[in-house]
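Working notes for the structure below.
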Protein chains: 2
Amino acid sequence: MAAERGRRRPGYAPGGRRDAILDAALDEFAAGGYNGTSLAKVAERAGLTQQGLLHYFPSKQALLVALLNRRDEVDADAAAEEDGRVDLAEVVRRNVERPGIVQVYTVLSAESVTEGHPAQEYFRDRFERLRGEVEGRIRKEHGDRLPSGVGPDEAAALLIAAMDGLQTQWLHDPGAVDMPRLVRTLMDVLTGPARGGKARDAED
Amino acid sequence: MAAERGRRRPGYAPGGRRDAILDAALDEFAAGGYNGTSLAKVAERAGLTQQGLLHYFPSKQALLVALLNRRDEVDADAAAEEDGRVDLAEVVRRNVERPGIVQVYTVLSAESVTEGHPAQEYFRDRFERLRGEVEGRIRKEHGDRLPSGVGPDEAAALLIAAMDGLQTQWLHDPGAVDMPRLVRTLMDVLTGPARGGKARDAED
DNA sequence: GTCTATACCCTGATAGAC
DNA sequence: GTCTATCAGGGTATAGAC
């Protein structure tokens, strides 16, 4: 389902040029943002020239869009594997091991609020979809009103916001915030006192 | 206290060139980020040439630093007026009226996690200071352990994170999230059931 | 499919006239 | 204090050889 997009997709297999370029773009956009990264840098990391890169992606903007779409496909595949669940605590645990991914996401989601940024629509839609998914999951698990008195829609927006904000703090100073623990804490507090399975493991 | 910095500060008064340039830089950095903004654009908005601008600020980096420092002074003055309190709910209420300010902050705080960004140190320090201030305020008002069982340090990191994350969502889609309401909700939930003065006003 | 060559514009910054 | 002139470099993108 997430596997076909264009007609034939030249070189999607591992080792394919297209994917190598997208990998390089991910690293470079993470390191410098979209505006701060040149096609030449991406190309060099992928092992070809800037003009060679433009054979696969006709413009810098197209490269960014392709990168974001690929991310969605990977996520969709992963979600399918674990049966459609959206376990935020698990997402956070994984993210701590992948600072690169976290950094592209953090940088691009903020950079894209600027005028005419090519990822504007992407992130607006993504936030909307994400809020809906998390809200639905909360509603299914805890009902239409959480014990804390908070609505599932509010809890969803707050959880997503906190995760993003914590990522920014964490990227600036990885030792300063314990993301998995804090997200766990917030979930516990939102979903009400001593509810939703095993609460905290450690005592403090 | 926050009023002197250099020796004499040429033209700090309203109408002063220096301040006009910083105002322009604020708007332009908000619209395009640091990397996405040229000195020429800032200069044009301020009503002089790029080279004229460089007479006041020797480099683009110096301009950014000056901008961030001025923001701190303004904040410090404002905080002094209301007697050192850090009322987050009030901050959010005000921010909704100033999308420009919110946008520079959001864009720059994320952009500055990139390699070699000139505002890295500024934001790392700012987050650290902010966490400390909010934690201290919570501790003074609610004690060393909140009724919810959450520590003041955790609550501080979460509140700041949620505010920043909500700003990003809000900038992408202003109608999608009610920032003041959501922050209020989070504060209530963190500080425990029906504590901390008047809880929610509306019923729903 | 990948390269060289190159067009064309924008960038931050310097030198120096007025 | 502000401008014109200018530099050296880098940006995206196109044309066309191989």
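Chain letters run A, B, ... following the sequence lines, proteins first and then strands; every chain starts at 1.
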Under the rule for salt bridge (charged side-chain N to carboxylate O under 4.0 Å, His left out), what residues qualify as partners of B:D125, not counting sequence neighbours?
none
Gap separating the CZ atom of A:R184 from the CG atom of A:D178, nearest 0.5 angstrom:
12.5 Å
Round to the nearest Å and state the distance from A:K60 atom NZ to D:dG10 atom C1'.
12 Å
To the nearest 0.5 angstrom, please state how far the CG atom of A:D164 sits from the CG atom of B:L166.
9.5 Å
Using atom types as modelled, flag every donor-acceptor pair under 3.5 Å from a side chain in residues 24-42 of chain B to any protein atom, sequence neighbours excluded.
| residue | atom | partner | partner atom | Å |
| --- | --- | --- | --- | --- |
| B:D27 | OD2 | B:R45 | NH1 | 3.1 |
| B:E28 | OE2 | B:R45 | NE | 2.9 |
| B:E28 | OE2 | B:R45 | NH2 | 3.4 |
| B:Y34 | OH | B:Q61 | N | 3.3 |
| B:N35 | ND2 | B:E111 | OE2 | 3.2 |
| B:T37 | OG1 | B:E28 | O | 3.1 |
| B:T37 | OG1 | B:G33 | O | 2.6 |
| B:S38 | OG | B:K41 | N | 3.2 |

Rounded distance (nearest 0.5 Å) linking atom NZ of A:K60 with atom CG of A:L54
11.5 Å
What is the distance, rounded to the nearest whole Å, between atom CZ of B:R18 and atom P of D:dG1?
12 Å
Using the rule given for side chain to side chain contact (heavy atoms under 4.5 Å, CB included), can you reason through A:V92 versus A:R181, listing the C-alpha separation, both sets of side-chain angles and the distance that settles it, and then say yes or no?
CA-CA 9 Å; A:V92 176; A:R181 175 178 173 77; over 6 Å; no
Rounded distance (Å) that lies between atom C1' of D:dT12 and atom CZ of A:F57:
16 Å
Quick check: are there more than 12 heavy atoms from other residues, nucleotides or ligands sitting under 6.0 Å from CD of A:E44?
no
Whole-Å distance, B:L64 CG to C:dG12 P, equals 13 Å
Nucleotide N/O to protein N/O under 3.5 Å, stretch nucleotides 3-6 of chain D:
| residue | atom | partner | partner atom | Å |
| --- | --- | --- | --- | --- |
| D:dC3 | OP2 | B:T49 | N | 3.0 |
| D:dC3 | OP2 | B:T49 | OG1 | 2.9 |
| D:dA5 | N6 | B:Q51 | NE2 | 2.7 |

Starting at CG of A:L54 and ending at P of D:dA15, how long is that distance when rounded to a whole Å?
13 Å
Could you walk me through whether A:L64 and A:L108 pass the side chain to side chain contact (heavy atoms under 4.5 Å, CB included) check?
CA-CA 10 Å; A:L64 175 64; A:L108 292 182; 3.8 Å; yes
With ring-ring contact (aromatic ring centres under 6.0 Å, His included) as the rule and sequence neighbours excluded, what pairs involving residues 85-111 of chain B come up?
B:Y105-B:F123
note: A:L63, atom CG; D:dG11, atom C1'; distance rounded to Å ~ 15 Å
Can you list, in residue-number order, the parts of residues 37-44 of chain B that come under 4.0 Å of DNA chain C, counting heavy atoms only?
B:T37, B:S38, B:L39
What is the distance from atom CD of B:Q167 to atom CD1 of B:I101, rounded to the nearest 0.5 Å?
11.0 Å
How close or far is atom P of C:dG1 from atom CD1 of A:I21, stated in whole angstroms?
11 Å
Approximate separation, where rounding is to 0.5 Å, of A:L159 CG and B:L158 CG:
9.5 Å
Just the rounded figure in Å: distance from P of D:dG10 to CG of B:N35.
15 Å
Canonical and wobble pairing (Watson-Crick, G-U, under 3.5 Å) of DNA chain C, dot-bracket with |:
||||||||||||||||||
